[in-house]
Every structure is written in C-alpha cells, then in structure tokens.
Amino acid sequence: MEPQDTTATVCVVGAGPAGAMLALLLARSGVDVVLLEKHADFLRDFRGDTVHPSTLEILDELGLAGRFHELPHRKLETMGLVQDGRPMLIADFRALGLRFPYVVFVPQWDFLNLITAEAARYPGFRLWTRAEVTGLLRADGRAVGVRCRTPDGERTVRAALVVAADGRKSVLRAAAGLRPRDRGVRMDVLMFRVSRRDDDPDERLTVRIGNGRVFVIVDRGTYWQVSYEMSAGGYDRLRREGVGRLRRDLAELVPFLADRTTEVTGLEELPLLQVRVDRLRRWYAPGLLFIGDAAHAMSPAGGYGVNLAVQDATAAANLLAGPLLEARRTGRPPDDRALARVQRRRQVPTVLTQEFQRLFHRVAVDRALRGDRVMGGAGRLSSTFERWPFLLRLLSRMTGVGLRPEHVRTPDAGERDGG
Ligand SMILES: Cc1cc2nc3c(=O)[nH]c(=O)nc-3n(C[C@H](O)[C@H](O)[C@H](O)COP(=O)(O)OP(=O)(O)OC[C@H]3O[C@@H](n4cnc5c(N)ncnc54)[C@H](O)[C@@H]3O)c2cc1C
C-alpha cells in the first residue's frame, strides 16, 4: 500500500515489541490504527530475543500460543552462570507453577512478523514500513499527528492519539521536549556470532565471567550469539588493543570456542550497543503517550526489556481501547487523565524492575567487569541458594514473570473477513 497523507484514531510509532503488540490489541478491539516503522522489515540481528512466561500467557490469551510455538525456537527452563570456570544456577522456572515454565528464545523478527500478521487480519490495522517519523504535528498545544519520511516523499498521519514506541533513542521524546532521567547504568556491548557444533555443550544461555570480562552466550541452533560486555568506554580501549584481545578473552572464558575465535575477523564490523537505563518523569503529554523503551530504557540484564514493553502495550490497550472507540464516535480525543492511568498502572513495576537492574549492575556486572568476585563467587552464591531456596525462586519469578503481570482485557471485535 502506498502511503498517503492519512488520518487514523491512533498512530503508533515504532514496530518493536511495544508498538506491534499495542497496534494488534487496538486493531483487535475495533480501533483503527496506523503503525509506522522506519525499517523495511524486522530482519535486524542482535535485538532482545527473549519471550518470558508472562508474555507467553498474553500470547495464549490472544490465541497465538500455538502458532508462536511453531516458530523456530529454543526453550530455556533454567539460566546459568559460570564464574572462574564454576557453573551455578541463577534462575529455574520449573517450580513456579507457571502455565509456560520457560523463557523462549525466538528471533525477534519472527515474533514481530507473527504479531503484525495477526494484526493485519483486523480491518482497522495499517502498517507502513520504511516510514521514518521525523516530527510531531501540533494544534493548540496538543499532538495531533506525525510527519514521516517515506520512499514516496514526506507524509503526514493525523490521529486522536500518537503513541511513541520508538525505543530508547525516541525521536518523539525529543520532539516533545522531554528528557528522560538517566539512572546511571553504562555499559558497552559488542555482539557477534560464532558457529556451533553438534558436540558443543548444551548451554542454551550462560553468563561467563572472569578476569574482568563478561560474555553472555546464547545457543541459536546453528551458531552461538555472543555478547561481550565492557564497562563504558571499554570499546575504545579494546579498539586500541585490537581483535586479538577479544579472541584471547573468548578462548579463556569459553574454552570450547577457542578453536573458532578467528571467525571474529575484526572489530569495526561488529555492532556496538550502548546500554543505558533511563526513565521519563511523565510518560504523556496532550495527545501523546510513551511506552516501552521510549518511556523507560532497559538494560539487557535479566532480559526484562521485551517483556516490559509487551506489558506496557497490554496495559495501554486495556485502559485506552474504550476511550479511543469513544473518540472515534464523538471526535473528542482521550484526555490526559486517560493517559495518566497508563503511567500509574505501569510505573511501579517499571521503577522496581529498573532499580533491580541497577542493583544487579552494582553488585554483579560492575564487580565482574572490575575483575572482582561476584557475591563471593559461584560456590558461595550456590550455597546461599541451597540454604534459602526461596531466594532462587524469587529471582526466577522476578525474571520470568516480573511484577504486576498484565492480562488481555480488551474484546475481540472481529476480523477482516468476519472469520
Ligand atoms: C545490547 C542489548 C541487548 C538486549 N537484550 C535483551 C534481551 O535479550 N531480552 C530483552 O527482553 N531485552 C533486551 N534488551 C532490551 C530490549 O531490547 C528493549 O527493552 C526492548 O526492545 C524495548 O522494546 P520497544 O518496543 O520499546 O523498543 P524497540 O525494540 O527499540 O523498538 C523500537 C522500534 O521503533 C522503530 N523506530 C525508531 N525510531 C523510529 C522513527 N523515527 N520512525 C519510525 N520507527 C522508528 C525501531 O526501528 C524499532 O523497530 C537489550 C537491550 C540492549 C541494549
């Protein structure tokens, strides 16, 4: 479909987990929604690929759990840490009484394709890819739409509500003059692949730490997805030392990959992600709502970001579908009080999760990156969990379910073909 200047009840900016899920839920409730994504597709590597038990429940409530499990995926019932060569368990989802007692690793592009394909079954849904939002349209002090760059030129989308789900570098945050408060977590992460062999250990996801280095390795079937974590500014130091340093560290901390380190040919071509944790004081302005990383950027620690983004989307749909259907009938857009309810609902879980991530960075990641032992070493941590098993259960529940899990409360207004 060629993008034309258009109107919709809602314009959602950014088809990441937050925006795609919100667009699906609203379209399913009968709201007409335009979803704008600056990329041509979802085929980007090294994005959060974890789908947690609470998101799986949401998919189940939408009737999508079956199709989701048909996607190429790997289930993770436990998560491990290897410190100075000693393994230990840091999460176990099996004894939590969950409907889906595991985290699923699924390429994010498959997950987003599933969500947007489902949304496309509803008549109110439109997806524009290669539509990069460049600014807000305003009238009488409120947002009334966006401007976007498309291959066919500049277009406008006018809407009763604009939802910014455009991630941690949100253009709309800047356009609205809002600055998030930095929560002081900084880390550089280099991502790369190393091939996997059939006789490699069955590690699924493991954090390996030692000598001031942290690797997170994830089994992606035919290859290992490796994150190399450094304190902020670590990348500049690594560039001075060269790729040889990275290869030596990999061989030392992940010995079974020692014979494949030359697969990392140079540093320049590897994607560098700069981790940050921040949060807006107010997640809304007249006519404009922020959700997901645009409202609160998350660190990868614990893999909470995708899950929180989906939870925000579910809460926003539950609270706003009614006012948005009303807006369509009356022409009166939802007021600030309706938007404030979304922030009130999600504020506490977000703040507590971010505080937990900050604590985790202080007591674990930062110490590991300084070369100090994390919480007295793997042996001491294991015996702490043995002595007080509820601590492991708490950590597992926090990781798998999070705080205040959301459920789909919006109705299904019927599909395009009535089927
Ligand atoms: C190194 C790293 C690793 C991570 N790993 C994990 C993990 O394993 N598990 C996990 O749960 N979380 C992880 N996270 C966090 C997670 O990626 C985010 O919290 C999550 O993606 C937030 O989802 P979102 O939909 O809010 O934003 P995003 O996923 O960032 O999606 C935003 C979307 O908006 C689009 N967009 C941006 N600007 C515009 C524009 N101007 N116009 C149109 N479209 C636009 C983008 O292309 C993108 O598709 C990681 C983060 C980092 C930095």
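Quick caveat, the model's predicted, so the values are computed rather than measured. Just follow the structure's listing: the first ligand is 1, and inside any ligand the first atom is 1.
Below 3.5 Å of separation, one finds an N or O of G305 facing an N or O of ligand 1. Between R168 and ligand 1, not a single N/O pair is under 3.5 Å apart. Remark: ligand 1 and Q108 share no N or O pair separated by less than 3.5 Å (distance only, no angle test). An N or O contact shorter than 3.5 Å is missing between E132 and ligand 1 by distance.
No side-chain N or O of D336 forms a donor-acceptor pair with one of Y284 less than 3.5 Å apart. Counted by atom type alone, D366 and S231 present zero donor-acceptor pairs between their side chains at under 3.5 Å.
Counting atoms of ligand 1 from 1 in the listed order, those under 4.0 Å from a heavy atom of G292 are 26 (O). Against a heavy-atom cut-off of under 4.0 Å, V306 is close to the following atoms of ligand 1: 10 (C), 11 (O), 12 (N). Numbered from 1 in the order shown, with element, the atoms of ligand 1 that lie under 4.0 Å from a heavy atom of G16 read 25 (O), 31 (O), 33 (C), 49 (O).
No donor-acceptor pair closer than 3.5 Å links the side chain of R173 to the backbone N or O of A295. The closest donor-acceptor contact from the side chain of Q343 to the backbone of W283 lies under 3.5 Å. Checked by atom type and distance alone, the side chain of E37 never pairs as donor or acceptor with a backbone atom of T129 at under 3.5 Å.
Between W224 and F215, a ring centre-to-centre spacing not shorter than 6.0 Å is recorded.
For A131, every heavy-atom contact with ligand 1 shorter than 4.0 Å involves the backbone, none the side chain. When heavy-atom distances to ligand 1 are checked against a 4.0 Å cut-off, H39 comes that close only through its side chain, counted from C-beta outward. Proximity of V171 to ligand 1, defined as any heavy-atom pair under 4.0 Å, is confined to the side chain (atoms from C-beta onward). Only backbone heavy atoms of Y304 (N, CA, C or O) come within less than 4.0 Å of ligand 1; its side chain stays farther off.
Ranked by closest heavy atom to atom 37 (C) of ligand 1, the top entry among V51, N307, D166, L272 is D166. Residue nearest to atom 25 (O) of ligand 1, selected from A175, A18, C148: A18 (by heavy-atom distance). Nearest residue to atom 32 (C) of ligand 1 from P17, G14, A165, P300 is A165 (criterion: closest heavy atom).
Remark: R193 qualifies as a cation-pi partner of Y223 under the 6.0 Å distance and 45° angle criteria applied to the six-membered ring.
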Stepwise salt bridge (charged side-chain N to carboxylate O under 4.0 Å, His left out) test for R94 and D92: CA-CA 6 Å; R94 292 168 298 189; D92 185 345; 3.0 Å; yes

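Here the CZ atom belonging to F356 is positioned 4.0 Å from the OH atom belonging to Y304, to the nearest 0.5 angstrom.
Contact between S227 and ligand 1 is absent, with no heavy atom of the residue lying under 4.0 Å from the ligand.
Inter-residue side-chain proximity for V185 and R276 is flagged as unmet; no heavy-atom pair is nearer than 4.5 Å.
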